[in-house]
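What you see below is based on every heavy atom in this structure, not just the backbone, and it leaves out hydrogens, waters and symmetry mates. Bear in mind that the values here come from a model prediction, so they are computed numbers and not experimental data. Numbers for residues simply follow the sequence, beginning at 1.
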Amino acid sequence: ADAQLVYGAGLPLTIVPLDATTYVQLSDEERKRVADHPSPLTYALECLYRLWLSGPSHRMTLHDQLAVAETARPGQYFMKQEELPLIVDERGYTSIDREHGKRVTVCLEPKRDEFMEYYLSQLTNRLAGQ
């Protein structure tokens with residue numbers, strides 16, 4: 001019901017859907033880069049990664065991190081942004097509805113490597129976590 005209110009309000013809204021974020025996973029090398037940078041922040045993240053991942057072949061998908069990056073640098077980490085008329089149905093599913101939907105900016109086709117460099121540089125910056 002809350003999502004229906006938000007999407008139905010017609011306010012300027014940008015979303016970063018799972019359709020886009022699913023393609024942004026932390027590789028073993030990138031995880032090592034985080035782990036090799038000693039700080040309270042990177043230590044805490046490594047602990048969380050271990051909790052979230054159920055086996056050595058699993059990868060961390062950076063859903064929230066990509067949405068935060070979109071807020072910090074709008075449009076920079078996506079190849080495509082489309083305005084689509086969206087609704088949220090009573091089951092909580094978001095869909096295009098050209099007749100009743102409200103216009104929402106949808107971020108698609110992430111620039112994975114560019115985003116990842118930004119994300120990792122923020123985590124390993126000398127000031128991060130100190």
Side-chain angles (χ1 to χ4, degrees):
D2 291 340
Q4 289 174 323
L5 291 173
V6 171
Y7 280 73
L11 298 170
L13 184 63
T14 299
I15 64 168
V16 178
L18 293 178
D19 305 54
T21 60
T22 299
Y23 297 104
V24 182
Q25 296 184 346
L26 193 65
S27 72
D28 290 340
E29 296 79 25
E30 291 160 342
R31 183 175 171 186
K32 183 173 180 351
R33 183 174 162 190
V34 173
D36 286 350
H37 182 79
S39 78
L41 175 61
T42 56
Y43 176 77
L45 283 173
E46 180 58 29
C47 290
L48 286 173
Y49 295 158
R50 289 179 189 194
L51 286 173
W52 289 331
L53 302 176
S54 60
S57 65
H58 291 96
R59 300 289 171 267
M60 175 62 60
T61 304
L62 303 178
H63 301 292
D64 297 335
Q65 294 87 334
L66 190 53
V68 170
E70 170 58 24
T71 302
R73 297 186 176 179
Q76 185 167 342
Y77 302 112
F78 293 91
M79 297 290 291
K80 188 175 176 183
Q81 289 189 314
E82 283 188 44
E83 276 200 11
L84 299 172
L86 300 181
I87 62 162
V88 177
D89 68 19
E90 51 285 335
R91 295 175 301 161
Y93 291 107
T94 305
S95 61
I96 296 172
D97 184 328
R98 299 206 187 281
E99 190 174 324
H100 304 292
K102 303 292 184 185
R103 307 287 303 165
V104 174
T105 301
V106 181
C107 298
L108 301 167
E109 299 177 17
K111 299 176 186 174
R112 187 230 180 258
D113 294 339
E114 187 177 333
F115 159 73
M116 198 59 71
E117 186 52 42
Y118 167 74
Y119 174 67
L120 294 173
S121 70
Q122 294 300 307
L123 290 178
T124 59
N125 181 317
R126 299 193 99 226
L127 299 175
Q130 294 185 4

Visitor: Do Leu18 and His63 make a side-chain contact, defined as non-hydrogen atoms from C-beta onward lying under 4.5 Å apart?
Guide: yes
Visitor: Kindly say whether Asp89 contributes a backbone atom to a donor-acceptor pair with the side chain of Gln4 at under 3.5 angstrom?
Guide: yes
Visitor: Judged by modelled atom types alone, do Gln81 and Glu70 share a side-chain donor-acceptor pair under 3.5 Å?
Guide: yes
Visitor: Could you give the distance from OH (Tyr7) to CD1 (Ile87), rounded to the nearest 0.5 Å?
Guide: 11.5 Å
Visitor: Please check: side-chain N/O of Thr42 versus main-chain N/O of His37, any donor-acceptor pairing under 3.5 Å?
Guide: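 A pair under 3.5 Å: yes.
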Visitor: Can you confirm whether Met60 sits close enough to Arg31 that some side-chain heavy atom of one is under 4.5 Å from a side-chain heavy atom of the other?
Guide: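 Met60 vs Arg31: side chains apart.
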Visitor: Is it the case that atom NZ in Lys111 sees more than 12 heavy atoms from other parts of the structure closer than 6.0 Å?
Guide: yes
Visitor: Using a cut-off of 6.0 Å, state whether more than 12 heavy atoms not belonging to Asp36 lie near its atom CG.
Guide: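 More than 12 heavy atoms, drawn from other residues, nucleotides or ligands, come within 6.0 Å of this atom.
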Visitor: Taking the side chain as every heavy atom from C-beta outward, state whether Leu26 and Leu120 have any atom pair closer than 4.5 Å.
Guide: yes
Visitor: Would you say the side chain of Pro110 lies within less than 4.5 Å of the side chain of Leu66, judging by non-hydrogen atoms?
Guide: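 Of all side-chain heavy-atom pairs linking Pro110 with Leu66, at least one is under 4.5 Å.
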Visitor: I need the minimum non-hydrogen distance between Tyr77 and Tyr118, along with the two atoms involved.
Guide: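 That would be OH-CG, 3.0 Å.
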Visitor: Hey, does Phe115 have a side-chain heavy atom less than 4.5 Å from the side chain of Leu62?
Guide: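 Leu62 vs Phe115: side chains touch.
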